[in-house]
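In what follows, every chain begins at residue 1, and chains take the letters A, B, ... in the order their sequences are listed.
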Protein chains: 2
Amino acid sequence: MFQALADPTRREIVRRLCEGPATVSELSAPFKMALPSFVQHLQVLEQSGLITSEKVGRVRTCRVALERIADAEAWFESLRALWDERFAQLDTLLETLQDEK
Amino acid sequence: MFQALADPTRREIVRRLCEGPATVSELSAPFKMALPSFVQHLQVLEQSGLITSEKVGRVRTCRVALERIADAEAWFESLRALWDERFAQLDTLLETLQDEK
DNA sequence: CGATTGGTTAGGCATGTGCCTAAGTATATT
DNA sequence: AATATACTTAGGCACATGCCTAACCAATCG
């Protein structure tokens, strides 16, 4: 998942899809890149679960998988929890020191 | 920054440092990896700003740079904002349709 | 001072990644 | 049916990445 987000093109794709579903053509338009290369990026994102896609006729429409984005975000929250826990321990220690004083 | 977080070893390093500062030796102990390889990971993280390090004598101590972590987290928040904005627009549209009905 | 410890530098390798071009398939339009 | 459009498949290349070993430097310990 983080591997998938390592590439700036892929991050931009995800960002764009948060604005709403889009076709492969729409998504690829702003990028000066050969289509197969671009689609490879989509595949990485889809493989990681961050987006889904559906082909109707000859048009493939991509959508962001927000639950999966939330999974990635949760990692940061877990870091914050660790850090906060550390501050809580520091606070406790400071209180202990004050009591002893 | 996301590039730096793409590697599981590096994510674990960051996670560990959120528990508190640690020396290179301490950090590398759980990993079955040659020290130079491990230090290369630290360098990637430091280069990306996610951690800082300071050498005192022969001991290098690493610390997480929480502000920088917050920068990465902010990207997810910006996605959420886009998504929320989209829902707001949908709500408005639904209300408009209801009014017309 | 010699030995040990903690880290750094240098060079190398196998694999992965991000891009390309060419050719092809399927669907839609004229 | 011919043409255009949207995507897919296949193969390739240059560079990046994640690991290794060997050698070295600096600080600390006994």
Quiz item: Step by step, would you call B:R60 with B:S53 a side chain to side chain donor-acceptor pair (under 3.5 Å)?
Solution: CA-CA 6 Å; B:R60 180 175 291 277; B:S53 73; 2.8 Å; yes
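Taking the six-membered ring where the residue is Trp, the centroids of B:F2 and A:F2 are separated by 6.0 Å or more.
Residue pairs meeting the salt bridge (Lys or Arg N to Asp or Glu O under 4.0 Å) criterion with at least one member in residues 1-23 of chain A, sequence neighbours excluded, are A:E12-A:R15, A:R15-A:E19.
Between the B:T96 side chain and the B:T92 main chain, a donor and an acceptor come within less than 3.5 Å of each other.
We find that CZ of A:F31 is positioned 18 Å from C1' of D:dC7, with the value rounded to whole Å. Whole-Å rounding puts the B:Q43 CD to C:dG7 P distance at 13 Å. Atom CZ of A:F2 is separated from atom P of C:dG16 by 22 Å (rounded to the nearest Å). Look at CD on B:Q47: it is 14 Å from P on D:dA16, rounded to the nearest Å. Atom C1' of nucleotide D:dG18 and atom CZ of B:R11 are separated by 14 Å, given to the nearest angstrom. Rounded to a whole Å, the CG atom of A:L42 is 13 Å from the P atom of D:dT9.
Within residues 20-28 of chain B, no residue places a heavy atom under 4.0 Å from DNA chain D.
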Self-check item: Base-contact (B) and sugar-phosphate-only (S) positions in nucleotides 19-30 of chain C, heavy-atom cut-off under 4.0 Å, - elsewhere
Solution: BBBB----BS--
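Shown here is A:E77, whose CD atom has more than 12 heavy atoms of other residues, nucleotides or ligands within 6.0 Å.
Summarising the geometry, atom OG1 belonging to A:T9 is positioned 5.0 Å from atom CZ belonging to A:F31; distances are rounded to the nearest 0.5 Å.
For D:dA16, neither phosphate oxygen OP1 nor OP2 lies less than 4.0 angstrom from any side-chain nitrogen or oxygen of B:Q3.
Looking at heavy atoms from C-beta onward, A:W75 lies in side-chain contact with B:V14 at the 4.5 angstrom threshold.
The hydrophobic cluster containing B:I69 also contains B:L5, counting ILVMFWY residues as joined when their side-chain heavy atoms lie under 4.5 angstrom apart, directly or transitively.
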